2 protein chains.
Amino acid sequence: MMARSATTSDAFNAVAERRRREIIDMLSRSGEVPVNGMVEALGLAQPLVSKHLRVLREVGLVSVRGSGRRRLYRLNGENLKPIHDWTKRFERFWDDQLARIKEQAESSGRKKA
Amino acid sequence: MMARSATTSDAFNAVAERRRREIIDMLSRSGEVPVNGMVEALGLAQPLVSKHLRVLREVGLVSVRGSGRRRLYRLNGENLKPIHDWTKRFERFWDDQLARIKEQAESSGRKKA
DNA sequence: TTGACATATTCCCATATAGGCATATTATGA
DNA sequence: TCATAATATGCCTATATGGGAATATGTCAA
């Protein structure tokens with residue numbers, strides 16, 4: 001009855017798509033970029049790029065600004081923070097050094113509490 | 001002609017689903033957990049939990065181990081690192097302090113190069 | 001005003017689910 | 001051995017896409 005959640009429901013879903021991550025990477029590097037700039041750089045069909053941009057806009061990951069006939073897109077990177085924060089919880093799984101430090105901090109915290 | 005990429009294609013897609021993130025969070029807190037443990041804790045139907053676990057297994061995010069009639073699942077958190085690494089690139093968007101430090105480091109790096 | 005460039009939409013199709021339900025599998029423990 | 005607990009699968013339906021193609025919109029520049 002229910003299908004997969006919409007790509008426009010949140011950043012996690014929007015970012016699950018590889019193309020959209022590429023668009024985000026590009027905006028991160030280049031600042032403001034017009035649709036055609038992405039079309040050329042990514043080698044995708046223009047309508048497809050516009051559609052992905054729409055999804056990104058709907059979750060607030062990008063903003064647009066008109067400039068002549070063109071539309072300049074900009075990354076709102078701060079909206080990727082929820083994802084970063086979530087994955088940060090698992091740092092101990094790959095960063096043993098950090099794990100040791102944290103465990104020590106936690107254990108001393110427990111002693112005080 | 002082509003639909004959304006499979007949830008089993010990579011961690012990004014697997015993690016796009018809220019329930020699966022909840023399962024991951026639970027495993028992160030509790031270590032090894034049997035299916036029923038998650039069923040009760042998350043209030044989901046057992047078949048649904050098994051299906052989500054299968055997706056997580058296919059992308060390597062969890063491992064299983066038999067124990068009597070039960071199957072104990074464990075988190076392979078290190079496979080969340082790609083997501084963490086990707087989002088890390090955008091830290092400057094929310095961490096201005098860090099941004100300044102990095103920019104300074106990069107500019108001095110450029111001078112040397 | 002008008003033609004051309006730059007984007008956004010609309011339609012259509014095949015694919016990929018989440019979930020709900022029923023049932024098949026397994027591994028026990030008495 | 002065997003009923004049973006604990007999981008995994010199979011089936012079916014409503015949704016939600018990515019893409020492709022064609023077309024609608026918008027904005028300028030001459």
Side-chain angles (χ1 to χ4, degrees), chain A residues 1-24 26-27 30 32-75, chain B residues 1-24 26-27 30 32-59 61-74:
Chain A
M1 294 182 176
M2 201 161 280
R4 212 187 306 196
S5 47
T7 56
T8 53
S9 62
D10 61 37
F12 278 97
N13 281 289
V15 158
E17 176 70 22
R18 180 192 258 273
R19 316 295 203 167
R20 285 194 286 266
R21 288 201 298 280
E22 292 179 352
I23 288 177
I24 289 174
M26 180 172 192
L27 292 176
S30 313
E32 283 190 318
V33 183
V35 179
N36 262 337
M38 302 186 228
V39 168
E40 291 169 21
L42 304 179
L44 299 177
Q46 176 268 311
L48 191 50
V49 172
S50 282
K51 285 174 192 169
H52 282 315
L53 285 170
R54 174 163 182 161
V55 170
L56 292 174
R57 233 188 309 145
E58 293 195 49
V59 296
L61 281 172
V62 303
S63 300
V64 213
R65 166 171 90 79
S67 174
R69 314 175 176 175
R70 295 178 306 169
R71 305 255 291 163
L72 302 179
Y73 281 81
R74 181 168 58 75
L75 178 63
Chain B
M1 293 185 175
M2 201 161 280
R4 210 188 310 195
S5 47
T7 56
T8 54
S9 62
D10 61 37
F12 279 97
N13 282 289
V15 158
E17 175 71 21
R18 180 194 258 271
R19 313 296 202 168
R20 285 195 286 266
R21 288 202 298 281
E22 292 179 352
I23 288 177
I24 289 174
M26 182 173 190
L27 292 176
S30 313
E32 284 190 318
V33 182
V35 180
N36 263 336
M38 301 185 229
V39 169
E40 291 170 21
L42 304 178
L44 300 177
Q46 176 268 311
L48 190 52
V49 172
S50 283
K51 285 172 190 169
H52 281 315
L53 285 171
R54 174 163 183 161
V55 170
L56 292 174
R57 233 189 307 144
E58 293 196 48
V59 296
L61 281 171
V62 303
S63 301
V64 212
R65 166 171 89 82
S67 175
R69 313 175 176 173
R70 295 179 305 170
R71 306 254 292 162
L72 301 180
Y73 281 82
R74 180 169 59 74

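Please read these numbers as outputs of a predicted model, since none were measured by experiment. Numbered from 1 within each chain, the chains take letters A, B, ... in sequence-line order.
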Proximity to the side chain of A/Asn36 - top-ranked nucleotide from D/dT7, C/dA6, C/dG19: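 Closest of the options to the side chain of A/Asn36: C/dA6.
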B/Arg18: salt bridge (charged side-chain N to carboxylate O under 4.0 Å, His left out) partners, not counting sequence neighbours: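 With sequence neighbours excluded, B/Arg18 shows a salt bridge (charged side-chain N to carboxylate O under 4.0 Å, His left out) to B/Glu22, given in chain and number order.
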Any [X] side-chain N or O less than 4.0 Å from OP1/OP2 of [N]:
X: B/Arg71; N: C/dT26; value: no
X: B/Arg70; N: C/dT26; value: no
X: A/His52; N: D/dG19; value: yes
X: B/Tyr73; N: D/dA6; value: no
X: B/Arg69; N: C/dT25; value: no

Distance check needed: [N] [atom2] versus [X] [atom1], whole Å only.
X: B/Leu42; N: C/dG19; atom1: CG; atom2: C1'; result: 15 Å
X: B/Arg65; N: C/dT26; atom1: CZ; atom2: C1'; result: 17 Å
X: A/Gln46; N: D/dG19; atom1: CD; atom2: C1'; result: 13 Å
X: B/Leu56; N: D/dA8; atom1: CG; atom2: C1'; result: 15 Å
X: B/Met38; N: D/dT7; atom1: CE; atom2: P; result: 8 Å
X: A/Leu48; N: C/dA6; atom1: CG; atom2: P; result: 19 Å
X: B/Leu44; N: C/dA18; atom1: CG; atom2: P; result: 13 Å
X: A/Glu40; N: C/dC5; atom1: CD; atom2: P; result: 14 Å

Hey, can you pull the residues of residues 6-17 of chain A with a non-hydrogen atom under 4.0 angstrom from DNA chain D?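 Residues of residues 6-17 of chain A under 4.0 Å from DNA chain D: A/Ala6, A/Thr7, A/Glu17.
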Contact check, side chains of B/Arg4 and A/Thr7, non-hydrogen atoms, under 4.5 Å: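 Yes, close enough: below the 4.5 Å cut-off.
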Does any non-hydrogen side-chain atom of A/Met38 lie less than 4.5 Å from one of A/Leu53?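 Sidechains of A/Met38 and A/Leu53: in contact.
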Minimum heavy-atom separation for [X] and [Y], please, with both atom names.
X: B/Arg21; Y: B/Val15; answer: NH1-O, 2.8 Å
X: B/Ala14; Y: B/Leu56; answer: CB-CD2, 4.5 Å
X: B/Met26; Y: B/Gly37; answer: CE-O, 3.8 Å
X: B/Ser50; Y: B/Val35; answer: OG-CG1, 4.1 Å
X: A/Ser67; Y: A/Leu72; answer: CB-CD1, 3.7 Å
X: B/Asn13; Y: B/Ala6; answer: CB-O, 3.4 Å

What string of B, S and - do you get for nucleotides 10-15 of chain C, 5' to 3', if B is base contact, S is sugar-phosphate-only contact and - is no contact with any protein heavy atom under 4.0 Å? BB-BBB
Starting from the 5' end of DNA chain D, give me the residue, B/Val64 or A/Gly68, whose nearest nucleotide shows up first.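 Residue closer to the 5' terminus by nearest nucleotide: B/Val64.
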Name the nucleic acid region contacted by A/Arg18, choosing base, sugar-phosphate or nothing; use a 4.0 angstrom heavy-atom cut-off, strictly under.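 If one applies the 4.0 Å heavy-atom cut-off, A/Arg18 turns out to touch nothing in the nucleic acid.
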Any chance you could measure B/Lys51, atom NZ, to B/Arg19, atom CZ, to the nearest 0.5 Å?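 Between B/Lys51 NZ and B/Arg19 CZ, I get 13.0 Å after rounding to 0.5 Å.
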